[in-house]
Chemist: 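Please find one structure pasted underneath; my questions will follow.
In what follows, chains are A, B, ... by sequence order, proteins preceding strands, each numbered from 1.
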Amino acid sequence: MNVSRTVKYEEELDADFANEIAAMPGGEKIWDCIQCGTCSAICPVSVYMDKTPRRIIGMIRAGFKDEVLSSVSPWICTSCYSCTVECPADIKITDIMYSIKRMAMEQKTYRRFVIPDIEDEFVKMVWKNGRLSEAKMGMKVARKSGLRNLISMVPLAWKLSRRNRLKLFHTERMANPEQLRIVLNAMQEHPPELHVKKPGVVPTHHHEAVTT
Amino acid sequence: MKSYLYYPGCSLKGMGGPYEQSLFSTFRKLDLKLTEIPDWNCCGATAYLSVNGNMAIALAARNLAIAEKDGGRDIVAPCSGCFLSLNKAKASLKEYPELRAKVVDALGRANLQYAGTSKVRHPLEVLMNDVGPEALKKLVTKPLKDLRVVPYYGCAILRPYEVLGDSHTPTVLEELIRITGATPVDYPYKGRCCGGMLTSGVQAVGLRLAEILLEAAKKTEADVIVTTCPLCHYNLECYQDHLRKSTGKDLDIPVMYFTQMLGLAMGLGEREVGVDRLLRRPMTVGVTA
Amino acid sequence: MSESEKPRIGVYVCDCGLNILGVVDVPAVIQYASTLDNVVVSREYKYMCSDPGQDIIKKDIKDLKLNRVIVASCTPSLHERTFRTTVSTAGLNQFLFHMVNIREAVSWVTTDKKKATEKAKTLIKAGVMRVTLQEALEPKTEPVIPEVLVIGGGIAGIHASLSVASAGAKLHLVEREPSIGGNMARFDKTFPTLDCASCILTPKMTTLRVHPNIKLYSYSEVVGVEGYVGNFEVTIEKKPRYVNEDLCIGCLKCVEACVYKDARFPNAFDLGLAKRKPIYIPFPQAVPMRVLIDPNDCLKIKLGKCKMTCVESCEKDAIDFDMKPERLTVKVGSIIVTTGFKPFDPRRKPQYGYGVYPNVYTALEAERLLSPTGPTEGTPLLQDGTMPKSVGIIHCIGSRDENTNVYCSKVCCMYSLKLAHLVKERTGAEVYNFYIDMRTAGKGYEEFYKKLLEEGVKFVRGRVAELTTAPLSNAERGKLILRVEDTLAGYVRRIPVDMVILSVGLEPQNDAQELRRMLNLSCGKDGFLIELHPKLAPVSTATDGIYIAGACQGPKDIPDTVAQAGAAAAEALALVHKGMVEIEPYAAVTNEDLCSGCQICVGLCPYYAIEYDAEKKVSRVKDVMCKGCGVCVAACPSGAMDQKHFRDAFVTAEVAGVI
Amino acid sequence: MAQALAPPVQAAQTRTKETEYEPKIVAFFCNWCTYAASDLAGISRMKYAPNMKIVRIMCSGRVDPSFVVEAFRAGADGVLIGGCNPGDCHYKEGNYKTMRRYMLLSRMLQDFGIEKERLRLEWICASCARELQTTVDKMTADLKRLGPLDWKGV
């Protein structure tokens, strides 16, 4: 059988990771965490996360950068802000989840699955039309999440379009999206994330496989 | 006649059509004017924040800046998601001067100024505060007698800004339900997440959340769930068939917008408030025009 | 005398180990000081306050004929007294000394070493300029009234009172409730020894009752305090009991006889969990064992008509429906404040369903449920009268929380363990403790924790996020479900229980602020009273002659409370024993030649210490009554007023110096 | 945010060059509240601008307007008066008298062309170390903006 030894050596941790997160909006109080787990317990989806929010915060403070940036937890987060409201240390956990997602996107370290792709599509669409066309978006999502899913959605799509709630061939767009693009382009001149320092090199995983 | 700026957001132009329809008709009935913000853009939702924080804020801020041009009227944002994004942008620009400087500069390129003066409000709160329970009661001509209603707030109008008071114990929706003559049931999940984007992202998870909410709603033996947000409405209403197949449970229950409920109680016809566009018509709503 | 000669100043700069030296370039400062006018010598030493440090000063005063001394070290509130004694033992008047604060005001608050050094130099320069002008003064001495007032009759007040009284001093104890005993009287057992609270408290209470040196004012409140150390005048208001305390013998016949055949009004002592009649005693071991009537419940007092069976039943006819509040004043030399705490109100944390679900209790309520004299005679029962099969105890309610109180209430971990033990012992229920960190620092405390671990009480490290009644499994039906992350197992858990006990934190009393104002004390951000110095003067306050002990100073368990009460008693006794106090001679003085007799000062003085001499047409300060605030001095239009040790000239010299 | 903002304040301090103009602030602190607050700031190791130098008096009510005028004449760029919160005065009501005097004085000084930012009255309680820190840093920053006060007196 295969057993594997997992160990983290100090030099593999990124001591600055916590400061990077702390420098982003909402992360200011990350050092105040008392690891009480209220966030994980109130979170409606923590039970589906690979690492609970409390553990994410703990790992950030310890410098487990690559583990955190490759975790699916932030992508499962539905931004319901329960953790943020309940946190006794007043830590804006939802915002920290956003920060992690942005860093992961930027450094392409996120786990490849449908949600990041959706977010990406969403941004592209808004960039193009200034607004979102639910039908088109829905189609893209359904396609990404597999043929079976696509088919399973057909009856619903039909019902909704009959009630004129799903405009299959209509594109929701601004009169002149370039007005918006002027603003967005101006923003692009700035680094994508406020105050964030240059992200360090992503360290590699360290599992030693032992076969017995 | 009180008058507001109206920020529809993408959903009310699509899936949330009935919401917009009922919002318009009820506000007309209440003699409240809604002026759509000229050439508004997407609020950025949660997706944009996950990709580029600064741009997401700028995106929302552009709408606020256009609204400010109009001078002083409050913005009504019916979609809870938009309501949150716009308020979040306001808060962030207040809290982070550096970000504010960048955004103000960016907006400047499009000849827009941002001062952070405009107020972003949700119609539920507008109805209860600006019109007020008394005035609303007077206009209820067809009380929805013995209609049992699940009050479902969702997340975004409760958290994190707690505009409706303590997010654990909101009561305004129940109050509105009573005003319409209906009975609010005791519902443990009134502020719990509906699944948000997960119903399309990781459907297994998203549907489970919806299932929990629907099952609890069925237990209360209510006739209908009332929502305040197009995404909640979609997640709760549209996956009932899926859930029946996957769980074998009967979770069928009509879901409607609070504006539809109020409209009906004020004597508007089902078509005027778009009840006919729901997947399941709340049967005991005995009025048809 | 030597002071009148040309000033010869010695400047002594303290390194305070590295506290000052680490930031301020002390050698440079001495070098600079030596160049200042009238400075004869300037020295550095690592601990100026130590004996060798003080000896250096004494020696110089003698050898170099110093007639002025500057010590630049910590804040005057810490060591001004020390060094004043130093110089006076060397034969120099203590008011020819001045202290410059270069620690709290410089080295500890400045990052830039250069700037810190500059600031230190400037402050010393100013000090030298000031001390040059200072003049010899004699401190005022006043007799101390050999009596002590204790406010609050909880365990702290009881212990302090007994200590003071048994040392022979007369003591006045004021308690606002009808009985002394405070919260400790509500407990069944005390941690970690599990000895019965009333068994150790009641004897103290009765001893106090009969003690010849103690006058107990129960059901009374302090409504006014005037005066100063050694000489306070205190106004006490006795609330009407409607039963004459001196006549009543506590036979309780009246209670028996009351027209209300059964008890139907919530009993405050049992926190409303048990009922009483309109005429009642707060609890069986009450001291004084005297009945009282609640005017809001008594028919006679409320409606004016009642058979008054109580009156008939009383042989001593002690009942008096026309009783009114009385005020009386006592004169004491010092005051000990032991007003205790109030438990956090869990309604401020709605997610725990207190007040919504009947089987959710606060820890203090649980204490009553566990008390043999309590509503359930010591066995905690559910509302339906059955025994709980599972009980959840949630720690840190309202504590360690940015939304409520940020501080740790210190006692909750231990009392939660105690409650867990008792609940398991009495009901055999499965008991869960939900904690963030287990804090069991104290003699025998960790051992107690270990004992509970072995008893099979369950511990879950995690803060319960919500209490819900919505089941997701059959086992959860009809239960209170606690949702928590088991942070050790790394899993979110849902734990169904029958009863929940909320370990609420300790907060200042509602009227702590009024009390603070009345006594001229200060409170911290958390609202608890502040001691003069956290380490060196833990029971003293900024107001001389007023001492604090127990939970009014901060969350505290019984051992710490009793220890503090003893300390406060010792402080008070020291005053009594000394018989007199030295008062800073900072009084205002009138230069009668300059006084225009406008009497502006007379109106301004809050202590009526200035009298107008009609025939001489001048205002004169009554030295004894003047507290030395200097308000009149600043107001005097003709510059006739001045303040000893804070003369205009001294202050302006210092001002010129710091610029 | 206070917490998040604190570090930059320190940073600003360490960054200041020798050459930069350093305003002189004379502070009259009452012995019972504001001086106690400054002690607490010390004990809590809170860093603040070294420009403020404390002159300790028993009560803010002792602050004779002439002290303030004297300070400005002698070359102070700012004067800070610190007393107990209204109702908390150790001498019953000294601080109320200070307040009335301050209003008059501040108006008078403005007539002499001394900006109102240069004379501040603050109620800072014994436990208000954080407030003390922010007040001093804010005032120092304001005065740096205003530049030196060159006042020859009345």
Side-chain angles (χ1 to χ4, degrees), chain A residues 24-25 44-45 48 75-76 78-82 84-85 92 94 98-99 101-102 105 113-116 118-120 122-123 126 130-135 138 141-142 145 149 152 155-156 159-160 163-167 172 174-177 179-180 182-184 186-188 190 192-195, chain B residues 10-11 13-18 39-42 44-55 58-59 61-62 84 92 95-96 98-99 102-103 105-110 112 155-156 159-160 162 167 191-193 195-198 200-203 205 209 238-239 241-242 276-279:
Chain A
M24 296 188 221
V45 290
Y48 299 99
W75 301 100
I76 301 274
T78 61
S79 314
C80 78
Y81 289 91
S82 296
T84 300
V85 170
K92 310 261 177 292
T94 314
Y98 278 123
S99 303
K101 284 187 266 189
R102 289 192 291 264
M105 276 279 193
F113 79 117
V114 58
I115 293 182
I118 300 177
E119 319 266 44
D120 222 32
F122 183 103
V123 168
V126 170
R131 294 182 192 171
L132 179 77
S133 313
E134 288 169 328
V141 175
S145 43
N149 194 300
S152 75
L156 175 59
K159 281 191 196 161
L160 289 171
R163 288 166 174 76
N164 188 27
R165 283 166 62 182
L166 196 66
K167 309 188 179 108
E172 182 64 40
M174 296 170 63
N176 40 7
Q179 275 301 312
L180 173 63
I182 294 173
V183 178
L184 295 181
M187 287 307 288
Q188 262 188 330
H190 307 295
E193 184 52 72
L194 188 70
H195 354 266
Chain B
C10 310
S11 288
K13 296 298 176 189
M15 211 75 75
D39 210 24
W40 53 272
N41 58 267
C42 166
T46 57
Y48 223 113
L49 266 175
S50 317
V51 179
N52 184 318
N54 293 355
M55 279 204 208
L59 206 60
R62 179 178 174 275
L84 176 53
S92 311
E95 205 169 328
Y96 304 103
E98 301 173 50
L99 172 61
K102 292 177 172 66
V103 170
D105 162 71
L107 290 170
R109 315 273 183 98
L112 289 169
C155 307
R159 296 180 299 266
E162 301 196 292
S167 60
R192 197 174 191 270
C193 178
M197 291 302 295
L198 286 179
S200 30
V202 188
Q203 215 176 44
V205 178
L209 297 195
C238 297
Y239 289 101
D241 294 352
H242 280 74
D276 55 325
R277 294 170 68 188
L278 299 175
L279 295 187

Chemist: Checking heavy atoms, do the side chain of B:D276, its backbone, both or neither come under 4.5 Å from chain A?
Modeler: backbone

Chemist: For B:W40, enumerate each residue passing the side-chain hydrogen bond (donor to acceptor under 3.5 Å, both in side chains) test, keeping only those at least two apart in sequence or located in another chain.
Modeler: B:E36

Chemist: B:S200 versus chain A, heavy atoms under 4.5 Å apart: side chain, backbone, both or neither?
Modeler: both

Chemist: Are the side chain of B:R109 and the backbone N or O of A:A186 linked by a donor-acceptor pair below 3.5 Å?
Modeler: no

Chemist: Counting heavy-atom pairs under 4.5 Å to chain A, which of B:P18, B:G195, B:A156 comes out on top?
Modeler: B:P18

Chemist: Between chain A and each of B:P160, B:C155, B:C193, count heavy-atom pairs under 4.5 Å; write down the option with the most.
Modeler: B:P160

Chemist: Out of A:P155, A:C80, A:A135, A:P116, return the one with the most heavy atom pairs under 4.5 angstrom to chain B.
Modeler: A:C80

Chemist: Say you draw a straight line from OG of B:S50 to CD1 of A:I115; how long is it, rounded to the nearest 0.5 Å?
Modeler: 9.5 Å

Chemist: Looking at every non-hydrogen atom in both residues, tell me the closest pair between A:L184 and B:Y48 and how far apart they are.
Modeler: CD1-OH, 3.9 Å

Chemist: Supply the atom-to-atom distance A:Q188 CD to B:N52 CG, rounded to the nearest 0.5 angstrom.
Modeler: 7.5 Å

Chemist: Does any backbone or side-chain atom of A:V183 lie under 4.5 Å from a heavy atom of chain B? Answer side chain, backbone, both or neither.
Modeler: both

Chemist: In terms of heavy-atom pairs under 4.5 Å with chain A, which of B:G108, B:C10, B:G196 leads?
Modeler: B:C10

Chemist: Under 4.5 Å from any heavy atom of chain B, what part of A:V123 do you find: side chain, backbone, both or neither?
Modeler: both

Chemist: Output the option from A:V85, A:I118, A:T94, A:V45 having the highest count of non-hydrogen pairs under 4.5 Å with chain B.
Modeler: A:V85

Chemist: Using modelled atom types and a 3.5 Å cut-off, is there a donor and acceptor pairing between side-chain atoms of A:K167 and backbone atoms of B:K13?
Modeler: yes

Chemist: Do B:C42 and A:F122 make a side-chain contact, defined as non-hydrogen atoms from C-beta onward lying under 4.5 Å apart?
Modeler: yes

Chemist: Evaluate the side-chain contact (heavy atoms from CB on, under 4.5 Å) criterion for residues A:K101 and B:T46: first the C-alpha distance (whole Å), next the side-chain angles of each, then the deciding distance (0.1 Å), finally the verdict.
Modeler: CA-CA 11 Å; A:K101 284 187 266 189; B:T46 57; 5.9 Å; no

Chemist: Side chains of B:V51 and A:R102, heavy atoms from C-beta outward: is any pair under 4.5 Å?
Modeler: no

Chemist: Within a strict 4.5 Å, meaning less than it, do heavy atoms of the B:S11 and A:E172 side chains meet?
Modeler: no

Chemist: Taking the side chain as every heavy atom from C-beta outward, state whether B:V202 and A:Y48 have any pair of such atoms under 4.5 Å apart.
Modeler: no

Chemist: Under 4.5 Å, counting heavy-atom pairs only, tell me which of A:S152, A:S82, A:S133, A:P177 racks up the most with chain B.
Modeler: A:S82

Chemist: Contact part of A:M105 toward chain B, heavy-atom cut-off under 4.5 Å: side chain, backbone, both or neither?
Modeler: side chain

Chemist: Does the side chain of A:R131 reach to within under 4.5 Å of the side chain of B:D39, using non-hydrogen atoms?
Modeler: yes

Chemist: Which atom names give the shortest non-hydrogen contact between B:R277 and A:R165, and what distance separates them?
Modeler: O-NH1, 3.0 Å

Chemist: Say you draw a straight line from CG of B:L49 to OG of A:S79; how long is it, rounded to the nearest 0.5 Å?
Modeler: 7.5 Å

Chemist: For A:Q179, is it the side chain, the backbone, both, or neither that has a heavy atom closer than 4.5 Å to a heavy atom of chain B?
Modeler: both

Chemist: What's the separation between atom CG in B:L279 and atom CG in A:L160, rounded to the nearest 0.5 Å?
Modeler: 5.5 Å

Chemist: Is a donor on one side and an acceptor on the other found under 3.5 Å between the side chain of B:R159 and the backbone of A:T84?
Modeler: no

Chemist: Check B:D241 with A:K159, please: is the shortest side-chain N to carboxylate O separation under 4.0 Å?
Modeler: yes

Chemist: I'd like to know if the side chain of B:N41 reaches the main chain of A:G130, judged simply by a donor and an acceptor atom lying under 3.5 Å from each other, with no hydrogens or angles considered.
Modeler: no

Chemist: By a 4.5 Å heavy-atom criterion (distance strictly below it), what part of A:L156 contacts chain B: side chain, backbone, both, or neither?
Modeler: side chain

Chemist: With rounding to the nearest 0.5 Å, note down the distance linking CD in B:Q203 to CG in A:N149.
Modeler: 4.5 Å

Chemist: Tell me, side chain or backbone of A:N176 under 4.5 Å from chain B's heavy atoms, or both, or neither?
Modeler: both

Chemist: May I ask you to test the B:M197-A:T78 pair for a side-chain heavy-atom distance under 4.5 Å?
Modeler: no

Chemist: If you take all heavy atoms of B:L278 and A:R163, which pair is closest and at what distance?
Modeler: O-NE, 2.9 Å

